[in-house]
S.K.: 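Below are the structure tokens for one structure; questions will follow.
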Amino acid sequence: NVGKVRSQGIETSATWLTPLAGLSLNLAGAYTRARTAADYDDGSGAVVPAGSEVPATPKVQAAGTAAYNTLFGPWVTGAALTQTWTGPAYGNLRHEYEIFDYSLLNLNLTLCRPDWLGMPTLTLGVSNLTDERAVLNYTAPAATGVPSWSYSKPRTLSMTLSADFN
């Protein structure tokens, strides 16, 4: 572990309830500056100087959602399309490679019956709608000499049935 890190940032979010009943737009964003606050020996004899960017910490992240909810008889229906973006970040303290720098698109469709016991809700979702292959992590070759890469989940379909008993 790195001895000392200083991290500063700002997050913001704004939602607009449009003149069209049931339609809302949301934007969210974050800026993070995370740097080492002291020199660091990385274990291989190399010294990572103070002020180096901390790995796996993107400077910028953003998301936008368009959501629409409406009544269809006694049913509440909804749809939401969310785009997220994660900026690039270094994968290690020596800044030998970059990770992240990807965008994902997600879709959710919801059907709810609020007048029934438990307010049953059925949600159908598609995560990573465009099937983006984003690099999330990289592990340098160890004794085997084989590097290891971790990627974002492929397009994923889901169905959830939930109830609220509050």
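Residue numbers start at 1 and run along the sequence shown. Predicted model, so just to flag it, every value in this text is computed and none were measured.
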S.K.: For P55 versus G91, what's the shortest heavy-atom pair and its separation?
M.R.: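 Minimum heavy-atom contact is CB-C, 3.8 Å.
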
S.K.: Shortest non-hydrogen contact from T36 to A50?
M.R.: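 Smallest heavy-atom distance, with atoms named: OG1-CA, 3.4 Å.
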
S.K.: Using the rule given for side-chain hydrogen bond (donor to acceptor under 3.5 Å, both in side chains), can you reason through N26 versus T15, listing the C-alpha separation, both sets of side-chain angles and the distance that settles it, and then say yes or no?
M.R.: CA-CA 4 Å; N26 177 273; T15 299; 2.6 Å; yes

S.K.: Between T70 and F72, does a side-chain contact (heavy atoms from CB on, under 4.5 Å) hold up when you go through it step by step?
M.R.: CA-CA 7 Å; T70 190; F72 188 68; 5.5 Å; no

S.K.: Kindly write out the residues that satisfy side-chain contact (heavy atoms from CB on, under 4.5 Å) with A38, not counting sequence neighbours, or none if the list is empty.
M.R.: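 A38 satisfies side-chain contact (heavy atoms from CB on, under 4.5 Å) with K4 only.
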
S.K.: Find out whether V5 and R35 are in side-chain contact, i.e. whether some heavy atom of one side chain is under 4.5 Å from a heavy atom of the other.
M.R.: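 Counting from C-beta outward, V5 and R35 never come under 4.5 Å.
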
S.K.: Pair Y151, L136 - check side-chain contact (heavy atoms from CB on, under 4.5 Å), show working.
M.R.: CA-CA 5 Å; Y151 294 93; L136 302 181; 5.8 Å; no

S.K.: Taking all heavy atoms of S52 and all of P49, pick out the closest pair and write down the distance.
M.R.: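 Where S52 meets P49 most closely, the heavy atoms are OG-O, 2.7 Å.
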
S.K.: Any ion pair linking R33 and E53 (charged N to carboxylate O, less than 4.0 Å)?
M.R.: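 No.
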
S.K.: Are the side chain of N128 and the backbone N or O of L105 linked by a donor-acceptor pair below 3.5 Å?
M.R.: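 The answer is no, because no donor-acceptor pair under 3.5 Å joins these two groups.
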
S.K.: Distance-only, no hydrogens or angles: does the T86 side chain make a donor-acceptor pair with backbone N or O of D101 under 3.5 Å?
M.R.: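 No; judged by distance alone, with no hydrogens or angles, the pair does not exist.
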
S.K.: I need the L27 CG to T65 OG1 distance, nearest 0.5 Å.
M.R.: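 Taking CG in L27 and OG1 in T65, the distance rounds to 8.5 Å.
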
S.K.: Could you report the tightest heavy-atom contact between T84 and A63, atom names first, then the distance?
M.R.: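 For T84 versus A63, the nearest heavy atoms are CG2-CB, 4.0 Å.
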
S.K.: Taking the inter-plane angle between the rings of Y90 and H95 on a 0 to 90° scale, is it parallel (under 30°), tilted (30 to 60°) or perpendicular (over 60°)?
M.R.: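 Correct class here is parallel.
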
